[in-house]
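Here the structure comes first, spelled out in structure tokens, and everything after it is commentary.
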Amino acid sequence: MGERIALIDYGAGNLRSVHNALRAVGAAPEVTADPKAVLAADRIVLPGVGAFAACYDGLAAIDGMIAALEQRVREDAVPFLGICVGMQLLADTGIEYGTHKGLGWIGGTVGAIAPSPDIKVPHMGWNDVQPVAEHPVLVSGEAYFLHGYHFAARDKSDVAAVTDHGGALTAAIARDNIIGVQFHPEKSQSYGLDLLSRFLEWNPT
Amino acid sequence: MTVRTRIIPCLDVANGRVVKGVNFVDLVDAGDPVEQAQAYDAAGADELCFLDITASHEARDTIIDVVMRTAEVCFMPLTVGGGVRSADDARALLLAGADKVAVNSAAVSNPQVIADIAGRFGSQCIVGSIDARARADGSGWEIFTHGGRKPTGIDAMDHAETLVRNGAGELLVTSMDRDGTRIGYDLELIDAMVKNFDVPVIASGGVGNLDHLVEGAVKGGASAVLAASIFHFGEASIAQAHAALAAAGCAVRSPIQSRAA
């Protein structure tokens, strides 16, 4: 279809897995650490695993990358998908080994999940994705989660899907052309590959 | 529902080849880890574990290649253990496509390696792997290394506490008394680990039938149950294991649906 899909390479551990999964659903993403490629992209995917600050710093260390993302996603409104920490980075702040600044695109804070005798942390394994509103990319199903921190959105209308682990946790956030998922579509077998397919066909207006 | 109890088949890999692997399906190359991983992916396993038992340090890179090739065709969670001694070892596996790395002997001699990995990549990707034997006098369990042959004098609960404090996000608990016996998990050991720590526990060592898997989750309280031979030899399928857990009241994944073309 000739679309340019930019998969941002900023040292995130799951880059290759996301690349593999996008290719498996027929995309030919450009793995890039070049802000110019981001400015020319028709669709952008931001992967991410690891500590919040380490990921933010990795992104910020690429000269011009955050500015390019802001231009292309927030001004030009191309479809954007953040995965795991790639979604968490959209928050204002992350509280993990100290308090750190995020991109601030979606109001909220990323903080630790509280354990209890029945609730093990990290939240690790397959759990429900329950959409709370209609969204072209999201359907209900079971996906693989692997995280000790979660996105508490300031405005509930930004929460697109939840999962249950000691209460409702944000499984996906969405606003306009932006979607972010806490789970790992690249590791969620058919559910995850289908989600990536829908993202690739998504034309938010 | 809540997070599902995970069923994890474990494949031993030496020099890039599977040792005692799957024979429940016809494989073109019975020693190819990728083909075996695909069989478990298709069967609906919740995670897959590769344990690298390569003896020589020089041949370690073979596991990286195995992980890369597996991650190209299997879109399921993958844990890799065996021979991980540093944050750089962990990084290479994670970049290749592993989601979690399990650290065993290196963390016995140097628990700081757990903190190094957790600090760089997050606790969610670091599994503290524990090989323990019950003490003869009934006073708990002791950590063993070298495949269960070498005693360390370290108490298993103390060691687990050290691993978790350093940032291990999961404990893979193997009873070396039970490993290979097919008489079931050491449920007291699993239960003690589950009750004492906030992180998920994987029960390992001793599975001989489906009831043992159920016991690990229900009596032991494990978040995940690991087994090898009963799956590899086709004595039980992943679907049967899910059904047995569901019948015992555990939350499990829905039966897999093949993906629309």
Side-chain angles (χ1 to χ4, degrees), chain A residues 11-21 23-25 48-52 54-55 84-85 96-97 112-128 130 141-149 163-166 169 184-194 196-197, chain B residues 1-6 8 41-42 44-47 67-68 70-78 90-91 93-100 117-127 167 169-171 194-195 197-202 221-224 251-254 256-260:
Chain A
N14 63 339
L15 176 73
R16 180 186 296 269
S17 294
V18 174
H19 189 210
N20 287 335
R23 286 165 51 119
V25 296
V49 293
F52 186 96
C55 287
C84 194
V85 180
E96 182 175 1
Y97 299 108
I113 303 169
S116 69
D118 289 332
I119 299 301
K120 297 293 185 181
V121 177
H123 177 216
M124 191 180 283
W126 296 80
N127 206 338
D128 298 299
Q130 301 168 303
E142 295 164 307
Y144 188 76
F145 290 81
L146 185 59
H147 62 121
Y149 294 79
T163 192
D164 176 19
H165 191 60
L169 296 181
H184 289 275
E186 77 280 12
K187 292 289 181 169
S188 295
Q189 293 176 331
S190 60
Y191 176 83
L193 295 179
D194 289 342
L196 293 174
S197 285
Chain B
M1 263 208 281
T2 184
V3 67
R4 313 296 195 265
T5 302
R6 285 168 283 149
I8 309 178
D41 189 16
D46 298 308
E47 267 180 42
V67 171
M68 274 202 249
T70 301
E72 278 171 15
V73 290
C74 290
F75 303 100
M76 67 184 298
L78 182 61
R91 179 173 187 274
L93 290 166
L94 295 170
L95 288 177
D99 301 281
K100 295 184 277 185
I117 296 170
R120 280 175 68 180
F121 310 111
S123 285
Q124 86 291 334
C125 78
I126 172 78
V127 182
E170 187 170 43
L171 294 173
V194 169
K195 287 210 168 77
F197 302 105
D198 290 333
V199 302
V201 169
I202 305 172
S223 298
V252 295
R253 269 211 293 165
S254 312
I256 51 161
Q257 284 120 32
S258 57
R259 192 166 174 267

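Below, chains carry the letters A, B, ... as their sequence lines are ordered, and counting in each starts from 1.
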Within the 4.5 Å heavy-atom criterion, are [X] and [Y] side-chain neighbours or not?
{"X": "A/Val49", "Y": "B/Leu94", "answer": "no"}
{"X": "A/Pro122", "Y": "B/Glu170", "answer": "no"}
{"X": "A/Val121", "Y": "B/Asp198", "answer": "no"}
{"X": "B/Gln124", "Y": "A/His147", "answer": "no"}

field: Residue B/Ala90 versus chain A: region with a heavy atom under 4.5 Å
entry: neither
- request: Measure distances from B/Thr2 to the heavy atoms of chain A and classify the residue's part below 4.5 Å as side chain, backbone, both or neither.
  value: both
Name the member of [options] that forms the most heavy-atom pairs with chain B at distances under 4.5 Å.
{"options": "A/Gly11, A/Ser17, A/Cys55, A/Gly50", "value": "A/Gly50"}
{"options": "A/Leu15, A/Asp128, A/Asn14", "value": "A/Asp128"}
{"options": "A/Thr163, A/Asp164, A/Val18, A/Asn20", "value": "A/Asn20"}
{"options": "A/Gln130, A/His165, A/Met124", "value": "A/Met124"}

Heavy-atom pairs under 4.5 Å with chain A are the metric here; pick the option from [options] that has the most.
{"options": "B/Val201, B/Leu95, B/Val252", "result": "B/Leu95"}
{"options": "B/Gly97, B/Pro200, B/Ala251", "result": "B/Pro200"}
{"options": "B/Gly169, B/Pro77, B/Ala98", "result": "B/Pro77"}
{"options": "B/Leu93, B/Asp99, B/Thr5", "result": "B/Asp99"}

- prompt: Closest approach of B/Ala118 and A/Tyr97, non-hydrogen atoms and distance?
  reply: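 Result for this residue pair: O-OH, 4.1 Å.
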message: Report which part of A/His123 has an atom under 4.5 Å of a heavy atom belonging to chain B: side chain, backbone, both, or neither.
response: side chain
- prompt: In terms of heavy-atom proximity below 4.5 Å to chain B, should A/Pro115 be classed as side chain, backbone, both, or neither?
  reply: side chain
query: Are B/Arg253 and A/Glu142 close enough for a salt bridge, meaning some N to O gap below 4.0 Å?
result: no
Side-chain (A/Lys120) to main-chain (B/Val194) donor-acceptor, under 3.5 angstrom: yes
field: Heavy atoms of other groups near B/Arg91 CZ, more than 12 under 6.0 Å
entry: no
